[in-house]
Q: 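Let me begin by handing over the structure; questions about it come next.
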Amino acid sequence: QVQLVESGGGLVQTGGSVRLSCAASGSIFNIHGMGWYRQGSGKQRDLVACITSGSSTNYADSVKGRFTISRDNAKNTVYLQMSSLKPEDTAVYYCNFCPFALGSWGQGTQVTVSS
């Protein structure tokens with residue numbers, strides 16, 4: 001069974017940067033799109049960035065130009081470089097396949113942006 005483990009979150013100031021990492025257990029990582037999702041307090045979990053197996057990328061309008069998703073297939077790892085952070089970016093960030101996620105989610109990693 002595929003396991004996805006997120007790390008790298010923390011408390012940062014408005015305008016700061018952080019890089020999130022997601023380690024995947026299975027070899028199918030290399031043939032599926034991978035995405036980062038986020039869920040703010042009291043909100044639904046939404047896709048914010050997706051990278052295909054061919055490394056094409058798509059971003060939600062709210063993060064376009066500020067976040068960069070990348071993947072290292074040799075390490076079964078996907079990254080989210082987050083820059084110019086805003087308080088509205090505060091959320092728990094999760095990785096999963098995209099555009100259709102698996103039903104099972106990891107613990108996520110909390111990103112809190114202070115104003």
Side-chain angles (χ1 to χ4, degrees):
Q1 188 71 51
V2 173
Q3 287 187 269
L4 301 165
V5 181
E6 302 91 346
S7 63
L11 176 64
V12 296
Q13 293 182 340
T14 296
S17 299
V18 67
R19 189 181 74 160
L20 308 183
S21 298
C22 170
S25 64
S27 60
I28 61 171
F29 174 93
N30 294 338
I31 59 172
H32 286 271
M34 292 297 301
W36 284 95
Y37 301 74
R38 69 184 181 187
Q39 185 172 28
S41 180
K43 300 179 180 179
Q44 294 298 116
R45 184 155 39 204
D46 294 322
L47 179 66
V48 297
C50 184
I51 184 166
T52 70
S53 59
S55 295
S56 297
T57 58
N58 287 284
Y59 300 92
D61 288 342
S62 59
V63 308
K64 193 173 297 181
R66 300 188 298 117
F67 292 8
T68 302
I69 187 170
S70 61
R71 66 194 296 163
D72 186 337
N73 289 342
K75 297 180 179 179
N76 281 1
T77 301
V78 62
Y79 305 94
L80 186 68
Q81 178 66 49
M82 308 165 64
S83 300
S84 301
L85 285 164
K86 305 174 180 180
E88 52 262 46
D89 296 319
T90 295
V92 179
Y93 285 74
Y94 303 86
C95 64
N96 211 319
F97 298 104
C98 61
F100 300 104
L102 296 173
S104 181
W105 298 81
Q107 293 287 89
T109 185
Q110 175 74 45
V111 174
T112 302
V113 184
S114 63
S115 59

Q: Which residue is it: N58, I51, V63? I am looking for the one with a side-chain contact (heavy atoms from CB on, under 4.5 Å) to I69.
A: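 Output: one option passes, namely I51.
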Q: Is it true that a side-chain atom of T90 and a backbone atom of V113 form a donor plus acceptor pair closer than 3.5 Å?
A: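 Indeed, once roles are kept as given, a pair shorter than 3.5 Å links the two residues.
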Q: Indicate if V111 and V5 have the same hydrophobic cluster label, given that clusters are the connected sets of ILVMFWY residues with side-chain heavy-atom separations under 4.5 angstrom.
A: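 Hydrophobic grouping puts V111 apart from V5.
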Q: Under a 4.5 Å cut-off applied to non-hydrogen side-chain atoms, are L85 and V18 in contact?
A: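 The answer is yes; the side chains approach within 4.5 Å.
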Q: Can you establish whether the number of heavy atoms outside Q13 located under 6.0 Å from its atom CD is more than 12?
A: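 No, CD of Q13 has 12 or fewer neighbouring heavy atoms, counting only those of other groups under 6.0 Å.
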Q: Could you check V12 against T112 for side chain to side chain contact (heavy atoms under 4.5 Å, CB included), going step by step and ending with a plain yes or no?
A: CA-CA 6 Å; V12 296; T112 302; over 6 Å; no
Q: Can you tell me how far apart CZ (R38) and NZ (K43) are? Round to the nearest 0.5 Å.
A: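 Spacing of CZ (R38) from NZ (K43) equals 8.0 Å.
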Q: V78 and L47: same hydrophobic cluster, using ILVMFWY side-chain contacts below 4.5 Å?
A: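 In one cluster: no.
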Q: Which pair of heavy atoms, one from S53 and one from N73, lies closest together, and at what distance?
A: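 Closest heavy-atom pair between S53 and N73: O-ND2, 4.4 Å.
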Q: Give a yes or no on whether the backbone of Q39 and the side-chain of R45 come within a donor-acceptor separation of less than 3.5 Å.
A: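 Not at all, since once roles are kept as given, no pair shorter than 3.5 Å links the two residues.
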Q: Can you tell me how far apart CE (M34) and CG (L80) are? Round to the nearest 0.5 Å.
A: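 Those atoms lie 12.0 Å apart.
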Q: Which value, rounded to the nearest 0.5 Å, describes the distance between F67 atom CZ and L20 atom CG?
A: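 Reported to 0.5 Å precision, the distance equals 8.0 Å.
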Q: Considering non-hydrogen atoms only, spot the tightest contact between Y94 and E6 and give its length.
A: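 It is CA-OE2, 3.3 Å.
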Q: Show me the pairs that pass disulfide bond (SG atoms under 2.5 Å apart) and involve residues 74-114, at least two apart or across chains.
A: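 Found C22-C95, C50-C98.
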Q: Any side-chain to backbone donor/acceptor pair from T77 onto K75? Under 3.5 Å, distance only.
A: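 Yes: the side chain of T77 pairs with the backbone of K75.
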Q: Is any side-chain heavy atom of T52 less than 4.5 Å from a side-chain heavy atom of H32?
A: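 Side chain of T52 against side chain of H32, heavy atoms only: no contact under 4.5 Å found.
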Q: Taking all atoms of both residues into account, what is the closest heavy-atom pair of Y59 and K64, and its distance?
A: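 Of all heavy-atom pairs spanning Y59 and K64, the closest is O-CE, 3.7 Å.
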Q: With a 4.5 Å heavy-atom cut-off, do Q81 and S17 have their side chains touching?
A: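 A side-chain contact under 4.5 Å exists here.
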Q: Hey, is CD on E88 packed in by over 12 heavy atoms from elsewhere, all under 6.0 Å?
A: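 Yes, CD of E88 has more than 12 neighbouring heavy atoms, counting only those of other groups under 6.0 Å.
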Q: Tell me, please, whether Y79 has R71 positioned over its six-membered ring: NZ or CZ under 6.0 Å from the ring centre and within 45 degrees of its axis?
A: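 The answer is no; the distance or angle limit is not met.
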Q: Hey, what do you get for CE (M82) to CG (D89), rounding to the nearest 0.5 Å?
A: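 Rounded to the nearest 0.5 Å, the CE-CG separation comes out at 5.5 Å.
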Q: Starting from V92, can I reach W36 by hopping between I/L/V/M/F/W/Y residues whose side chains sit under 4.5 Å apart?
A: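 No; V92 is not reachable from W36 via cluster members.
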Q: Is there a donor-acceptor pair closer than 3.5 Å between any side-chain N or O of T14 and the backbone N or O of S114?
A: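 At least one qualifying donor-acceptor pair exists.
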Q: Assess the pair Y37 and W105: is the distance between their ring centroids shorter than 6.0 Å?
A: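 Ring-ring flag for Y37/W105: true, centres closer than 6.0 Å.
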Q: So which heavy atom on S104 is nearest to which on N96, and how close?
A: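 Looks like O-ND2, 3.3 Å.
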